[in-house]
Amino acid sequence: MLLKRYLHEVNDHEVLIVGGGLAGLTAALDLAQRGKQVLVIEKNTYPNHKVCGEYVSNEVKPYLEHLGFSLSDFSLPEINTFQISTQKGRVIQIDLPLGGFGISRYALDYHLYMLAKKKGVVFQFDTVTNIQFMNDRFLVTLSTDKEILAKVVLGAFGKRSNLDVKLDRGFIKRKSQWLGIKCHYEYSGHPSNLVGLHNFPGGYGGLSEIEDGSLNFCSLVNYESFKKEKNITAFNKNVVSQNPLLREFLSNASPKFEKSISIAQISFEKKKAVENHILMCGDTAGLIHPLCGNGMAMAIHSAKLSVESVMNFLEKPTFLRADMENGYQQEWEKNFKNRLWMGRQLQTLMMHTNWFNFGMNTVANSRTVLRSLIRSTHGNPITI
Ligand SMILES: Cc1cc2nc3c(=O)[nH]c(=O)nc-3n(C[C@H](O)[C@H](O)[C@H](O)COP(=O)(O)OP(=O)(O)OC[C@H]3O[C@@H](n4cnc5c(N)ncnc54)[C@H](O)[C@@H]3O)c2cc1C
C-alpha cells in the first residue's frame with residue numbers, strides 16, 4: 001500500500017533510456033519522432049571520445065537520414081575498400097559490397113544528441129545505479145539517490161556497466177582478456193576510401209579516416225600480450241610495429257591526443273536481449289567482434305527494432321508487455337543471432353595465437369574467404 005502510494009508520488013515517464021550512446025540516442029530520436037516523451041539518462045556529458053574503430057557500415061544510412069540526421073552535411077570520407085595485412089605484411093584488398101563512412105564518435109554521438117534535444121528528448125546527466133520492476137512499472141535509481149518511474153525502460157548502457165553487476169548478468173562474472181586502445185593521428189599516407197585491418201602479435205588494429213581528415217587507429221589487444229610491455233608507447237614500438245605496415249604508419253604519424261584512450265575487459269559473450277523486463281539495445285544485448293566491423297550498425301538497428309516493439313505496446317491496448325518482450329527478443333535473434341555467432345567463432349580462433357595467425361593468413365590469402373566472412377557478419381541496409 002505504502003509502495004503503491006510512493007510510486008504515484010514519483011515522476012512517471014513513458015519511456016526512459018539508460019545510456020546515451022548510439023543505441024540510446026537513435027532509439028530516443030525515433031521515439032521522439034513518433035511523438036513519444038523520452039528521458040535519456042547518460043553518465044557522461046557530450047562530446048567525448050570513445051574507443052571505437054569509427055568505420056560505420058552504410059547499412060544505417062537510410063535509417064539515420066529518416067531520423068533527420070543528414071550525413072551529407074558532414075563531408076565524410078566514403079569507404080569502399082577493405083585491406084587486411086598479416087604480421088609479416090602480406091596484404092590483400094577487396095571492394096566492400098555495401099561500403100561505409102568514417103566519423104568519430106566524438107562527432108557522431110554529439111550531433112545525434114543535439115538533434116535529439118531539438119526533437120524534444122530530455123537528457124539527464126547522471127549514473128543509473130539500479131533498475132527495479134514492480135507493479136508493472138520501473139523504478140530507476142540514480143547516483144544522486146533520485147528515483148524515477150517509467151512505463152518502459154530501454155537498456156542501452158554499452159558493453160560493460162555498473163548495471164550489469166547490479167542486474168547480476170552472467171557475462172560480467174567472467175574475466176575477459178581483451179583491451180581496446182585508440183588514438184587519432186595526422187598522417188597523409190592512407191587513402192580516404194580504405195579501411196585497413198592489420199594483424200600484430202596478440203591482436204589487430206583498424207585504420208580509417210574520419211571527418212576532419214585525421215586517421216583513427218583503434219586496436220583490440222590480448223592483455224597477455226600487452227602486459228609484457230610497460231605502456232602503450234612501448235607496446236606500439238615493440239609489438240604493434242612488428243607488422244611492417246603499422247611500423248611505417250606509427251613512425252610517420254603524429255598523435256593528436258595527449259594520450260591514447262583505452263578500455264579493458266571487453267566481453268564478446270552471449271547476453272540476453274530482454275532481462276528483468278528491460279529491452280536491451282546495442283552492446284548491452286551483445287557485442288560483435290570488431291573484426292566484423294559493424295557493431296555500430298547493429299546498435300542502431302537494434303534501437304529501431306526496440307522502438308517498433310515499444311510503439312506497439314504503448315499504442316495497442318491488446319499488445320501486452322509480454323508481447324513486446326517476446327516480439328523484440330524474436331526480432332533481435334532473427335537479425336543478429338547468426339552474425340554474433342560468427343563473431344564468437346572468430347573470437348575463439350583469436351584466443352589461440354597459432355590458430356589466429358593461421359586464420360589471418362588464410363583470410364589474407366584468399367579473396368573468396370574474405371568476401372564470405374564479410375557477407376556472414378554484415379547485414380543489409382535497414383529498411384524504414
Ligand atoms: C576496439 C573496438 C573497435 C570497434 N570498432 C568498430 C568499428 O569500426 N565499427 C563499428 O561499427 N563498430 C565498432 N565497434 C563496436 C562499437 O563501438 C559498439 O558496438 C557501439 O559503440 C555500441 O553502441 P552502444 O550505444 O551500444 O554503446 P555505447 O556507445 O558504449 O553507449 C553506452 C552509453 O551508456 C552510458 N552508460 C553506461 N552505464 C551507464 C549508467 N549506469 N548510467 C548512465 N549511463 C550509462 C555510457 O556512458 C555510454 O555513453 C568497436 C568496438 C571495439 C571494442
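Please read all numbers here as calculations on a predicted model, not as lab measurements. Both ligands and their constituent atoms are indexed starting at 1 by order of listing. For the single chain, residues carry numbers from 1 onward in sequence order.
Between Val51 and ligand 1, no pair of N/O atoms sits closer than 3.5 Å. At under 3.5 Å, a nitrogen or oxygen of Leu22, whether backbone or side chain, sits near a nitrogen or oxygen of ligand 1. Residue Thr127 has no nitrogen or oxygen atom sitting less than 3.5 Å from a nitrogen or oxygen atom of ligand 1, judged on distance alone. Residue contacts with ligand 1: Lys43 is placed with a nitrogen or oxygen under 3.5 Å of a nitrogen or oxygen of the ligand (distance criterion only). At least one N or O atom of Ala23, backbone or side chain, sits closer than 3.5 Å to an N or O atom of ligand 1. The distance criterion of under 3.5 Å between nitrogen or oxygen atoms is met by Gly53 with respect to ligand 1. For the pair Thr284 and ligand 1, the shortest N or O to N or O distance does not fall below 3.5 Å.
Under 4.0 Å from ligand 1, the heavy atoms of Asn162 that appear belong solely to its side chain. Looking at Cys218 against ligand 1, only its side chain comes within 4.0 Å, counting heavy atoms. Contact annotation for Leu163 and ligand 1: only side-chain heavy atoms (C-beta onward) come within less than 4.0 Å of the ligand. The proximity of Met298 to ligand 1, defined as any non-hydrogen pair under 4.0 Å, does not occur for either the backbone or the side chain. Of the heavy atoms in Ile266, only side-chain atoms (C-beta onward) come closer than 4.0 Å to ligand 1.
Near Asn44, meaning under 4.0 Å from any of its heavy atoms, are these atoms of ligand 1: 47 (O). The Pro290 neighbourhood of ligand 1 comprises atoms 2 (C), 3 (C), 4 (C), 51 (C), 52 (C), with distances under 4.0 Å to a heavy atom of that residue. The Ile41 neighbourhood of ligand 1 comprises atoms 43 (C), 44 (N), with distances under 4.0 Å to a heavy atom of that residue. Every atom of ligand 1 with a heavy atom of Gly21 under 4.0 Å away is listed here by number and element: 25 (O), 29 (O), 31 (O), 33 (C), 49 (O). Atoms of ligand 1 lying under 4.0 Å from at least one heavy atom of Met296, given by number and element, are 9 (N), 10 (C), 11 (O), 12 (N), 16 (C), 19 (O). Heavy-atom contacts of Gly282 reach the following atoms of ligand 1: 26 (O) (cutoff under 4.0 Å). Residue contact check: Ala299 has heavy atoms under 4.0 Å from atoms 22 (C), 23 (O) of ligand 1. Listed by atom number, the atoms of ligand 1 under 4.0 Å from Arg105 heavy atoms are 17 (O), 20 (C), 21 (O), 29 (O).
The shortest separation from a heavy atom of Lys182 to ligand 1 is not under 4.0 Å, leaving the residue out of contact. Ligand 1 lies within reach of Asp126, whose nearest heavy atom is under 4.0 Å from it.
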Could you walk me through whether Leu246 and Leu207 pass side-chain contact (heavy atoms from CB on, under 4.5 Å), step by step? CA-CA 9 Å; Leu246 292 176; Leu207 272 179; 4.2 Å; yes
Are Lys256 and Asp212 close enough, and set up right, to give a salt bridge (charged side-chain N to carboxylate O under 4.0 Å, His left out), and what steps lead you there? CA-CA 12 Å; Lys256 294 184 82 174; Asp212 64 355; 3.5 Å; yes
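In terms of heavy-atom proximity, Ile382 sits nearest to Ile300 at CD1-CG2, 4.5 Å.
Ring pair Tyr46/Tyr113: centre-to-centre distance below 6.0 Å. For Tyr204 and His198, the ring centers are positioned 6.0 Å apart or more. Note: Phe138 and His13 fail the aromatic proximity criterion, with ring centroids not under 6.0 Å apart.
Of the candidates Gly19, Ala156, Gly206, Cys281, it is Ala156 that places a heavy atom closest to atom 32 (C) of ligand 1.
Side-chain polar atoms of Asp30 and Tyr63 form a donor-acceptor pair below 3.5 angstrom. In the model, Ser214 has no side-chain atom that pairs as donor or acceptor with a side-chain atom of Glu209 under 3.5 Å. At a cut-off of 3.5 Å, with distance as the only test, no side-chain donor of Asn243 or Gln87 sits close to an acceptor on the other residue. Between the side chains of Lys119 and Gln33, at least one donor-acceptor pair of N or O atoms lies under 3.5 Å.
Put simply, the side chain of Lys228 does not reach to within 4.5 Å of the side chain of Val239, judged on heavy atoms. Taking the side chain as every heavy atom from C-beta outward, Pro77 and Phe101 never approach each other to under 4.5 Å.
Applying the salt bridge (charged side-chain N to carboxylate O under 4.0 Å, His left out) test between Glu14 and each of Arg34, Lys151, Lys36, Arg137 identifies Lys36 as the sole match.
The aromatic rings of Phe74 and Phe69 lie parallel to each other, with less than 30° between the two planes, well short of the 60° mark.
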